[in-house]
Number of protein chains: 2
Amino acid sequence: MPEAEKRFTKYLCEHQYKLTPQRKVILQAAREIKGHFNADKLYDESSTLDKSVSRASVYRTIPLLVEAGLIMETMRSQSKTSYENVFKGLYHDHLICATCGKIIEFRNDELMRLQNKICKPFNFKPTEHMTAIKGYCKKCQSKKN
Amino acid sequence: MPEAEKRFTKYLCEHQYKLTPQRKVILQAAREIKGHFNADKLYDESSTLDKSVSRASVYRTIPLLVEAGLIMETMRSQSKTSYENVFKGLYHDHLICATCGKIIEFRNDELMRLQNKICKPFNFKPTEHMTAIKGYCKKCQSKKN
DNA sequence: ATATAATTGAGATTGAGTCGCAATTACATT
DNA sequence: AATGTAATTGCGACTCAATCTCAATTATAT
Ligand SMILES: [Mn+2]
Ligand SMILES: [Mn+2]
Ligand SMILES: [Zn+2]
Ligand SMILES: [Zn+2]
């Protein structure tokens with residue numbers, strides 16, 4: 001059993017949620033998608049694997065996958081919420097160019113450590129960090145002249 | 001004329017937009033709100049000042065205020081977009097409780113410095129940072145048991 | 001096998017945000 | 001001051017991502 005499925009199973013069990021075929025399919029679909037995806041995309045991919053999976057189940061499963069630490073909400077664009085897979089040790093954040101929309105991914109361990117540290121004095125238990133830095137990419141800076 | 005209104009006037013003029021009574025009222029309402037607000041809240045405050053201002057005009061004016069640098073989008077919580085006034089030198093970020101929606105503001109200079117540092121190797125010129133940490137506030141953690 | 005609480009798909013509903021339109025208005029030009 | 005015109009307005013209808021309802025089904029413990 002792949003690591004992700006193991007983790008999901010554990011999460012479901014710990015919360016008295018059931019491991020259903022639909023949830024397995026949706027997890028698998030999520031894992032197979034490279035890069036960012038939204039609910040619709042996840043529904044499409046899930047349908048390809050098993051066309052009996054409903055849109056409602058996809059919407060219902062997304063928060064479980066987030067809670068289990070398998071996917072994360074990354075951003076909202078075009079009024080849709082975007083997610084992406086969390087692969088072990090592959091947390092990252094985003095630089096977003098305000099002009100061309102280019103997205104640069106980066107990973108910075110110090111940033112993650114700092115974010116956890118910030119929560120402590122508030123007794124706040126973090127589940128997701130989202131850092132988005134907006135600005136201008138190299139190309140768009142030179143175009144500006 | 002207050003600084004904010006001057007800036008808004010300049011922005012509108014530069015883009016061939018008109019300075020209408022409605023836009024003045026909405027700007028004033030935005031300025032008078034302390035802390036975070038969403039479109040509905042801004043509509044309520046605007047209505048108090050001038051009850052002829054419509055919800056549509058509020059929605060249409062928000063992007064202008066953002067573009068003019070007078071307010072900024074801070075986060076999305078409980079499926080509503082939140083804004084707050086941009087006052088010079090009051091940079092901060094947010095902890096957001098996934099259960100009750102509570103928002104804790106914090107300011108961390110090290111985080112700011114780190115974010116700037118991160119951009120350099122990408123030749124990325126940052127204009128805004130947005131860090132949102134989602135999780136559970138103290139109260140909601142204990143309720144969970 | 002049985003009990004039971006969780007989950008499902010289908011379709012209805014919600015609600016933040018957008019849009020179309022005819023009437024109005026800001027503002028530049030005479 | 002009067003005119004022209006493109007921008008803006010309020011209203012209400014619309015969109016559509018996300019949530020909810022509910023009867024039927026199903027995963028799991030006993
Ligand atoms: Mn990414
Ligand atoms: Mn704030
Ligand atoms: Zn760019
Ligand atoms: Zn809370």
Side-chain angles (χ1 to χ4, degrees), chain A residues 1 5 8-27 29-30 36-68 71 73-83, chain B residues 5 8-27 29-30 36-44 46-68 71 73-83 98-99 101 134:
Chain A
M1 197 200 277
E5 201 177 320
F8 195 40
T9 303
K10 182 163 176 265
Y11 168 81
L12 292 173
C13 184
E14 283 171 358
H15 293 259
Q16 280 97 273
Y17 297 147
K18 291 174 180 173
L19 179 62
T20 64
Q22 290 86 346
R23 285 174 176 165
K24 273 192 208 176
V25 166
I26 294 164
L27 169 61
H36 298 183
F37 61 89
N38 57 35
D40 249 4
K41 168 84 172 163
L42 182 55
Y43 171 62
D44 288 346
E45 291 303 311
S46 302
S47 292
T48 302
L49 295 175
D50 173 352
K51 63 177 181 301
S52 79
V53 172
S54 70
R55 177 173 259 98
S57 285
V58 170
Y59 271 106
R60 286 187 286 231
T61 302
I62 285 172
L64 303 180
L65 294 173
V66 171
E67 272 289 307
I71 65 173
E73 196 181 315
T74 43
M75 62 211 301
R76 186 150 231 280
S77 92
Q78 263 90 55
S79 70
K80 284 172 202 164
T81 306
S82 254
Y83 303 88
Chain B
E5 202 179 318
F8 195 38
T9 304
K10 182 164 176 265
Y11 169 80
L12 292 174
C13 184
E14 284 172 357
H15 294 257
Q16 279 97 274
Y17 298 148
K18 293 175 181 174
L19 178 62
T20 65
Q22 290 87 346
R23 285 173 177 168
K24 275 192 207 175
V25 165
I26 294 165
L27 169 60
H36 299 180
F37 61 89
N38 56 35
D40 251 3
K41 168 85 170 164
L42 183 55
Y43 170 62
D44 288 345
S46 302
S47 292
T48 303
L49 295 175
D50 174 351
K51 63 177 181 301
S52 79
V53 172
S54 72
R55 176 174 257 99
S57 285
V58 169
Y59 271 106
R60 287 188 283 230
T61 302
I62 285 172
L64 302 181
L65 295 173
V66 171
E67 271 290 306
I71 65 173
E73 199 179 313
T74 42
M75 67 188 38
R76 183 148 236 281
S77 109
Q78 256 86 60
S79 69
K80 284 171 202 164
T81 306
S82 255
Y83 303 87
T99 302
K134 294 194 181 179

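Reminder, nothing fancy here: chain letters follow the sequence lines and each chain counts from 1.
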Minimum side-chain heavy-atom gap A:Phe37-A:Ile71 below 4.5 Å: yes
Side chain to side chain, B:Pro63 and B:Arg60, heavy atoms closer than 4.5 Å: no
Nucleotide D:dC16, atom C1' - distance to OH of A:Tyr43 in whole Å: 15 Å
Rounded distance in Å - NZ (A:Lys41) to P (D:dC16): 20 Å
Separation of atom CZ in B:Arg55 from atom C1' in C:dG20, rounded to whole Å: 18 Å
Per-nucleotide protein contact string for nucleotides 10-16 of chain C (B base, S sugar-phosphate only, - none; heavy atom under 4.0 Å): B-----S
Whole angstrom value for the distance that separates P of D:dA17 from CG of A:Leu42: 15 Å
Aromatic ring pairing A:Tyr11/A:Phe8, orientation class (parallel under 30°, perpendicular over 60°, tilted between): parallel
A:Arg23 CZ - C:dT8 C1' separation (whole Å): 10 Å
Spacing between A:Asp50 atom CG and C:dT8 atom P, to the nearest angstrom: 12 Å
Beyond-backbone contact of A:Arg55 with A:Asp40, side-chain heavy atoms, under 4.5 angstrom: yes
Heavy-atom side-chain contact between B:Ser57 and B:Ile26 under 4.5 Å: yes
Interatomic distance, B:Glu73 CD vs C:dG17 C1' [rounded to whole Å]: 12 Å
Side-chain donor or acceptor of A:Thr74 paired with backbone N/O of A:Ser82 under 3.5 Å: yes
Any donor-acceptor N/O pair, A:Arg23 side chain to A:Lys18 backbone, under 3.5 Å: yes
Heavy-atom check, side chain of B:Val66 versus side chain of B:Glu73, under 4.5 Å: no
Set out, line by line, the N/O atom pairs under 3.5 Å between protein and nucleotides 27-30 of chain D.
residue: D:dA27; atom: N3; partner: A:Lys18; partner atom: NZ; Å: 2.9
residue: D:dT28; atom: OP1; partner: A:Leu19; partner atom: N; Å: 3.3

